[in-house]
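Notes to accompany the following structure.
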Amino acid sequence: QVQLVESGGGLVQAGGSLRLSCAASGRTFSTYVMGWFRQAPGKEREFVATIGWSGASTDYADSVKGRVTISRDNAKNTVYLQMNSLKPEDTAVYYCAALRKYWGSRRTSDYDYWGQGTQVTVSS
């Protein structure tokens, strides 16, 4: 099993930046594809970004492409989400998730493990 703990959320003005971190327990972090999702009030949880086992492959939702960068440090068991040029519509709880079996999924149902989430609020 993998336990995931997000951090780095907070309140930021529009146009600002935040860096989210997700620390994973265990010695098998590098065997998991990692993803970031978000959920705004009253909305379904949606895909933000995903990164492959080595970090060489990434995929982004169109809504964040060009503003967000996902990265990972397998030596530190941590995945990051650097968010720039933040907009009020980026306000949500951000979750990291781990997927064991394959690369490329944007579906929440495919991910095996989830963190508890971290709140990001962008003021206009």
Side-chain angles (χ1 to χ4, degrees):
Q1 282 201 355
V2 175
Q3 291 185 328
L4 304 172
V5 179
E6 301 96 334
S7 62
L11 174 64
V12 63
Q13 288 187 336
S17 298
L18 280 175
R19 187 195 197 201
L20 306 183
S21 299
C22 173
S25 65
R27 295 176 290 179
T28 60
F29 177 73
S30 62
T31 67
Y32 288 89
V33 169
M34 299 300 296
W36 284 97
F37 293 77
R38 66 186 183 186
Q39 188 166 18
K43 295 188 176 181
E44 292 188 354
R45 194 169 298 188
E46 65 175 5
F47 168 78
V48 176
T50 186
I51 187 166
W53 302 272
S54 69
S57 299
T58 57
D59 184 33
Y60 297 94
D62 288 344
S63 59
V64 302
K65 196 172 292 183
R67 301 187 296 119
V68 164
T69 302
I70 188 171
S71 61
R72 68 189 296 164
D73 186 338
N74 287 341
K76 295 182 177 180
N77 282 13
T78 302
V79 61
Y80 305 98
L81 190 71
Q82 177 67 45
M83 302 189 294
N84 301 322
S85 302
L86 283 162
K87 305 175 182 180
E89 51 263 44
D90 294 318
T91 295
V93 177
Y94 283 70
Y95 299 89
C96 72
L99 168 60
R100 189 70 179 268
K101 295 183 180 179
Y102 48 84
W103 152 254
S105 175
R106 295 183 171 198
R107 297 184 298 211
T108 58
S109 59
D110 286 340
Y111 283 74
D112 302 304
Y113 302 102
W114 291 84
Q116 83 289 348
T118 186
Q119 177 71 47
V120 171
T121 304
V122 184
S123 63
S124 57

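For this chain, numbers begin at 1 and follow the sequence in order. Excluded from the calculations below are hydrogen atoms, water molecules and symmetry mates; all remaining heavy atoms, backbone and side chain alike, are included. A quick note: this is a predicted structure, and the numbers were derived from the prediction, not measured.
Taking 4.5 Å as the limit, every side-chain heavy atom of Val48 sits out of range of all side-chain heavy atoms of Tyr95. Here the side chains of Ser21 and Lys76 are not in contact, with every heavy-atom distance at 4.5 Å or above.
Transitive grouping of hydrophobic side chains (ILVMFWY, heavy atoms separated by less than 4.5 Å) brings Tyr60 and Val79 into a common cluster. Residues Leu20 and Tyr80 fall into different hydrophobic clusters, defined by Ile, Leu, Val, Met, Phe, Trp and Tyr side chains chained together at heavy-atom separations under 4.5 Å. Note on Val120: it does not cluster hydrophobically with Phe37, by side-chain heavy-atom contacts below 4.5 Å among ILVMFWY residues. Cluster annotation: Val122 and Trp36 are assigned to the same hydrophobic cluster (Ile/Leu/Val/Met/Phe/Trp/Tyr, side-chain heavy-atom contacts under 4.5 Å, transitive). Placement of Tyr113 and Val93 in two distinct hydrophobic clusters is found when ILVMFWY residues are connected by side-chain heavy-atom separations under 4.5 Å, directly or transitively.
When atom types are taken as modelled, the side chain of Glu6 and the backbone of Cys96 share a donor-acceptor pair closer than 3.5 angstrom. Judged by distance alone, the side chain of Tyr102 and the main-chain N or O of Val33 form no donor-acceptor pair under 3.5 Å. Judged by distance alone, the side chain of Asn77 and the main-chain N or O of Gly26 form a donor-acceptor pair under 3.5 Å. Using a distance-only test at 3.5 Å, with no hydrogens or angles considered, a donor-acceptor pair links the side chain of Asn74 to the main chain of Trp53. At distances below 3.5 Å, not a single donor-acceptor pair connects side-chain atoms of Ser57 with backbone N or O atoms of Ile51.
For Cys22 against Met34, the heavy-atom pair with the smallest separation is SG-CE, 4.5 Å. The nearest pair of heavy atoms linking Ser105 to Tyr111 is O-OH, 2.9 Å. In terms of heavy atoms, Arg38 sits closest to Ala92 at CB-CB, 3.8 Å. Contact between Ser85 and Ser17 at its shortest, heavy atoms only, is N-OG, 4.4 Å.
Tyr94 pairs with exactly one of Met83, Gln119, Gln39 by the side chain to side chain contact (heavy atoms under 4.5 Å, CB included) rule, that one being Met83.
Summarising the geometry, atom CZ belonging to Phe47 is positioned 11.5 Å from atom CG belonging to Asp110; distances are rounded to the nearest 0.5 Å. Within the model, atoms CG of Leu99 and OG1 of Thr108 stand 11.5 Å from one another, a figure rounded to the nearest 0.5 Å. Separating the CD1 atom in Ile70 from the CG atom in Asp59 is a distance of 9.5 Å, to the nearest 0.5 Å. The OG1 atom of Thr78 lies 10.5 Å from the CG atom of Leu4; values are rounded to the nearest 0.5 Å. Note: Asp90 CG to Arg67 CZ = 4.0 Å, rounded to the nearest 0.5 Å. To the nearest 0.5 Å, the span separating CD on Gln1 from OG1 on Thr28 amounts to 10.5 Å.
Of the N and O atoms on the side chains of Tyr32 and Asp112, not one donor lies less than 3.5 Å from an acceptor on the other residue. Side-chain atoms of Arg100 and Thr31 include a donor-acceptor pair closer than 3.5 Å.
By the salt bridge (charged side-chain N to carboxylate O under 4.0 Å, His left out) test, Asp73 is found to be paired with no residue, residues two or more places apart in sequence or in another chain being considered.
For Lys65, the NZ atom sits in a packed shell: over 12 heavy atoms of surrounding residues, nucleotides or ligands are nearer than 6.0 Å.
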